[in-house]
Amino acid sequence: MPHVITQSCCSDGSCVYACPVNCIHPSPDEPDFAAAEMLYIDPDACVDCGACVSACPVGAIRHDSRLTPEQLPFIAINADHYPPRPAGVKLPPNTKLAPVLPAPQVRGRGLTVAIVGSGPAGMYAADELLTQDGVRVNVFDKLPTPYGLVRAGVAPDHQSTKSITRLFDRISGARGFTYYLNVQVGQHLSHADLLAHHHAVIYAVGASGDRRLDIEGMGLPGAGTATETVAWINGHPGFTGRSVDLSHRRVVIVGNGNVALDVARILTCDPENLAGTDISDTALQTLRRSAVREVVVAARRDPADSAFTLPELIGLTETADVVLDAADHALVLADLQTVGDPGTRAKLEILAALPEAGESVGRRIRLAYRLSPQRILGSARVAGIEFSGGAGESVTIDAGLVLTSIGYRGAPVPDLPFDETAAVVPNDAGRVIDPATGRAVPGAYVAGWIKRGPNGFVGTNKSCAMQTVAALVDDFNAGRLDGPTGRPAALAKLVRDRQPDVVDAAGWRAIDAAEIARGQAQGRPRVKFTSTEEMLAAARQRPTRPRRFSLLRF
Ligand code: NAP
């Protein structure tokens, strides 16, 4: 009986390197890895050893006899990735040897790297660097809490995805790792300050903004973005004070990527199902009072072009009441006649089996197609949205809240060049490139969304960060990086002078422990602090270091 990869696959590829028989694909060295919606276990080749289960950082792999009813579709999804073959033939033709995890070989000692951003890309970069003896990594984050979008962007009902923080906790506990949290590079420290104390700086700052839809009415109360709503749901201190008005019956979300599905699911589910998660208390109370009955997820193109992934569509339809209008059902059937790609066909088959909108009575999500947003309606506040339909006709949907969900967007990084069109820092395999000269900017590197744009999953950042670290180590080995001029203690002093409220590892552990303790009473993984002041107050409760006594003094 084989193992099966399920919905929360993070695509970091740890399972691929752990598998002794190379039965998990696409592997990070294969061309289709970057575009894959998840990884798949070949049921014929799997020897059932369970190595992948131990390696998976998010608990996404299960024995096929232990799947929940919602996970059963993943048996076929894993198997369908592989070609059929004659009975008794274990491996597909042309199977290569299993890839070996490439490790950077640092020549010389004392490599010291600053990483700006403690989300997945930053943490995977730290992990990769710390595979080498004598390397030191200082991780800076503008918030007092680490882990970026894993804490503030992953939906609270996706706790298994959030469990990747256990891996990040292990990485931050490694020798050579130091946290400087609540420190904003660009405000408290400049790039030059960092370079004075490190050989190199890796910016793993993500995409902190979102793409804005430039249509009339976007400034009205009741118009917002899905990414901000996710941050509010997750208790991000920059968003927790927002007012999210759920006192009306319908919400429209523009765009149908995975973020749109996350928000639609949270806004329509029974809030009591979220009461056992780390959702922000403010969001939970607001959801308990919600009058919303329908969330319309409006895409401008056809069902076959849906931006959500198959695993997330399965997860959605297993847990929520999802419907389609008759006209959209017809579009799905038309697409099924022409589309050959198996992944897209699998999505279309699920859509085709969804009930008609008229049949559903509870809280529901309606997936809608061929709707191009034209303007937000309303005077004092949002009353609806006008789309242009498939034939150019005007389609109006009444709604009290309109959220655009058309993607995240990177923001310029102080002291670095910026590509306004792609909203990334221009780079070559992670080395920052100055477009004026075409040359690498010495000591400056990028990883994650600010390097490649806002796409992929949590684990996609592993191979992305590994590529950046390989470039950095190459430059260090070739003598292209100047050494730091300041001593490590001087960096700590500089940071404290500029930001007295810097939070170190012990401070974060105190915040973490306090949040977990608050959660225990309610049977929740944690109750988050949602303001910087509360976080800093908790950080100050960190245990003070025991005084060292010298035996010689007796
Ligand atoms: P996304 O997947 O890029 O989806 C963006 C959506 O916005 C698409 O439907 C796109 O439609 C639409 N759009 C873009 N411009 C538009 C316009 N001017 N008017 C109307 N619609 C427009 O973005 P996302 O949902 O923010 O996700 C970002 C990344 O995070 C993705 O890689 C996603 O898979 C990942 N993520 C994963 C998970 C998970 O695995 N659970 C959860 C959240 C996010 P077109 O296709 O027509 O351009």
Side-chain angles (χ1 to χ4, degrees), residues 5-12 34-39 58 60 119-121 148-150 152-164 206-215 218 223 225-231 233-234 252-266 296-316 318-319 343-344 347 367-376 385-390 395 397 402-410 422-423 448-450 452-461 464:
I5 302 185
T6 62
Q7 187 193 336
S8 50
C9 175
C10 72
S11 292
D12 90 347
E37 293 191 346
M38 56 179 282
L39 307 183
V58 293
L149 276 188
V150 172
V154 173
D157 58 344
H158 281 174
Q159 288 294 313
S160 51
T161 303
K162 285 185 187 254
S163 68
I164 200 151
S208 55
D210 34 35
R211 292 186 58 216
R212 298 276 158 166
L213 198 58
D214 190 17
I215 57 170
M218 271 309 290
T225 70
T227 54
E228 289 168 351
T229 309
V230 170
I233 289 167
N234 272 309
V252 173
I253 303 181
V254 176
N256 72 352
N258 283 341
V259 172
L261 296 199
D262 281 347
V263 174
R265 220 177 44 247
I266 298 295
V296 179
V297 176
R300 60 182 169 178
R301 295 194 286 154
D302 274 20
D305 305 308
S306 294
F308 50 70
T309 56
L310 178 59
E312 290 309 306
L313 178 63
I314 291 173
L316 184 79
E318 297 285 354
T319 53
T344 310
K347 283 187 207 173
L367 301 178
Y369 291 94
R370 290 200 188 171
L371 293 174
S372 291
Q374 299 302 308
R375 65 189 176 108
I376 309 251
I385 176 167
E386 183 185 330
F387 293 97
S388 148
V395 178
I397 303 181
V402 173
L403 301 173
T404 60
S405 184
I406 64 171
Y408 286 84
R409 184 179 159 87
W449 279 5
I450 198 63
R452 62 174 207 278
N455 56 64
F457 314 101
V458 169
T460 315
N461 294 295
C464 178

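Just so you know, ligand 1 is whichever comes first in the structure, and atom 1 is the first atom listed for that ligand. When reading the values below, keep in mind they use all heavy atoms of this one structure, side chains included, and skip hydrogens, waters and symmetry mates.
- At a heavy-atom cutoff of 4.0 Å, ligand 1 is contacted by the side chain of L213 but not by its backbone.
- For ligand 1 and D262, the ligand atoms under 4.0 Å from any heavy atom of the residue are 42 (C), 43 (C).
- Polar contact with ligand 1: present for N256 (N/O pair, distance under 3.5 Å).
- When only non-hydrogen protein atoms are considered, atom 29 (C) of ligand 1 lies nearest to P454 O, 3.7 Å.
- There is a protein heavy atom less than 4.0 angstrom from atom 35 (C) of ligand 1.
- Of the protein's non-hydrogen atoms, A307 CB, 3.7 Å is the one closest to atom 8 (C) of ligand 1.
- Within the structure, salt bridge (charged side-chain N to carboxylate O under 4.0 Å, His left out) contacts touching residues 252-262 (residues at least two apart or in different chains) are D262-R265.
- Residue contact annotation: R211 has a non-hydrogen atom under 4.0 Å from ligand 1.
- Note: an N/O pair closer than 3.5 Å links R301 and ligand 1 by distance alone.
- Scanning for side chain to side chain donor-acceptor pair (under 3.5 Å) contacts around Y408 gives an empty result, with sequence neighbours left out.
- Ligand 1 has an N or O atom lying under 3.5 Å from an N or O atom of V259, backbone or side chain.
- One distance of note links CZ of R370 with CG of D302; it measures 4.0 Å at 0.5 Å rounding.
- Note on ligand 1: A299 sits outside its first shell, no heavy atom being nearer than 4.0 Å.
- Residue R300 has at least one N or O atom closer than 3.5 Å to an N or O atom of ligand 1.
- Within the 4.0 Å cut-off (strictly below), no protein heavy atom is located near atom 3 (O) of ligand 1.
- Residue-to-ligand polar distances keep D305 apart from ligand 1: every N/O pair is separated by 3.5 Å or more.
- For atom 38 (C) of ligand 1, the nearest protein heavy atom (residue, atom name, distance) is N258 CB, 3.5 Å.
- With atom 30 (O) of ligand 1 as the reference point, the heavy atom nearest to it among G456, C9, G257 is part of G456.
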